[in-house]
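Quick note on labels: first sequence line is chain A, next is B, and so on, each numbered from 1.
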Amino acid sequence: MSVAERIGPAIDAGRMSGRVWLYTNYHCNLACSYCLTSSAPKVDPRLLEPAAALRLAEEAADLGFRELGITGGEPFLLTWLPELLVDLAALLPVTVLSNGTLFTPKLVERLRALADLPVAIQISLDRPDPVANDAMRGPENFARVLAALPRLVEAGITVRLATTVELEEIGPGKTPEQERLCALHRSVGIGDDDHVIRPIVRRGRAATGGMGVPATRDDLEPELTVTADGAFWSPFAPTVTAGRLDTELLLTRTVVPLAKPASTRLRLFEGRPPGHDTTLGIR
Amino acid sequence: MSLVPLLDAQQAPLPAQEFYADGDPGPIVAALAHVPEVLEVTLPFLGVVLGPSALSLRTKEIVILRTSAVLACRYCVDTHTVAARDADLSVDEVRALRGEAEVAGAFPDPADRSLIGWVDAVALGPGTPPPEVAAAVSASVGEAALVELTLLTATTLLLNRFATSLGLPTSPETLRRLGEEGWR
């Protein structure tokens, strides 16, 4: 049975995620305290060139995957990203993660084409107060995100919000601080269904700083993740700690054809014991 | 000093982890683990070519140690000096295979000498081994054995260049044995 013939049924049966993640780059204009990839302005960008990203997306669609995730680093640092997103969205629905600090009126104009496409931009905002938020994410982060959100919403682009905090701060109900954050996103037209609260994962810079919840393979939902360095178990896997790529969740260095790492993931997943990815809420 | 970091069990990629199940798998695995899809097919191949087979263990160690000495692979010569002694090759035989003594003096059996002549010709090249060397080895081994020991020589060449180029370190246990037995 071919890989493509195995992927569809595995997705239907809930034995694997239908989403493939692409790390377009590792550099970022911010250097957040808990960043998995230890991203910063001057790190090795580890670029996944647009032609390579598009070819991978085509293969993902052919193999039966159903969604794409784009992450980094900060993907919107890449000048070609708006056009790439249009091309990717012609193949599969796309969620692109962003720190939300680069959405100038000029960039948002270039992104207007996304309004009619299955593309969502997921922006990080951790606290409802600039001081607490910017302590983790950098100066002016809060103000820039608050300026970007209505600009994107007004352009008709689907926007989601991601809040990353310590696991202890995530309870069955929302804390008063989180309620204030929710009031804030509701005020700009982002509904509760488009807001995710997730724990810091102790990898990358978070591990160096002693932050976050430890997560092993069985804690992470297996979502095939492709970077310039190879294919990994999950988007939380290709992390960088103290300048070195973490390899213990590497699947293959080969990423084209995508069937190669997809096949390896299927084989490893089928032998995977029940894990805690749902209880930790890492997503 | 290895040119690349040797991946330990904590950094071994998912498909490579089974090779660490019994402890330190050695530097060849720890280096190949950087490319797990290559490791996954290379290790079974090496296991078949280098492991127990129709060729005797003594024959295999003659081939491996001699090839490694010809290629001047420090890692493989160290490792297979110990392995050859464990395969009951004498000190004089090991010294001759390492190029430290005359082969003719250490190996009185013409079949052994024709084997070593074949290994030298395959390892050193270039081009086709001389017809008289091929005729000599063909006279003492069957066709299947000739294929196998030629592949063994070629596989050892691969490992020699891999280990030497990456500067793989001799294991502490091998170094201890070499010291105790006066090889260093």
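- P15(B) approaches L268(A) most closely through the heavy-atom pair CG-CD1, 4.1 Å.
- Atom CD of E132(B) has more than 12 heavy atoms from other residues, nucleotides or ligands within 6.0 Å.
- If you measure heavy-atom distances from T254(A) to chain B, the contacts under 4.5 Å come from both the backbone and the side chain.
- Nearest heavy atom pair, residue L14(B) against residue R217(A), reads CD2-CD, 3.4 Å.
- The backbone N or O of H34(B) sits less than 3.5 Å from a side-chain atom of R253(A), completing a donor-acceptor pair.
- The environment of E102(B) atom CD is sparse: at most 12 non-hydrogen atoms of other residues, nucleotides or ligands sit within 6.0 angstrom.
- Taking CD of Q11(B) as the reference point, atom OG1 of T241(A) lies at 7.5 Å (rounded to 0.5 Å).
- L7(B) CG to L250(A) CG: the interatomic distance, rounded to the nearest 0.5 Å, is 9.0 Å.
- The distance from atom CG of D246(A) to atom CD of Q10(B), rounded to the nearest 0.5 Å, is 12.0 Å.
- Panel note: side chain E248(A), backbone Q17(B); no donor-acceptor pair is recorded below 3.5 Å.
- Other residues, nucleotides and ligands contribute at most 12 non-hydrogen atoms within 6.0 Å of the CZ atom of R55(A).
- Heavy atoms of other residues, nucleotides or ligands lying less than 6.0 angstrom from CG of D22(B) number 12 at most.
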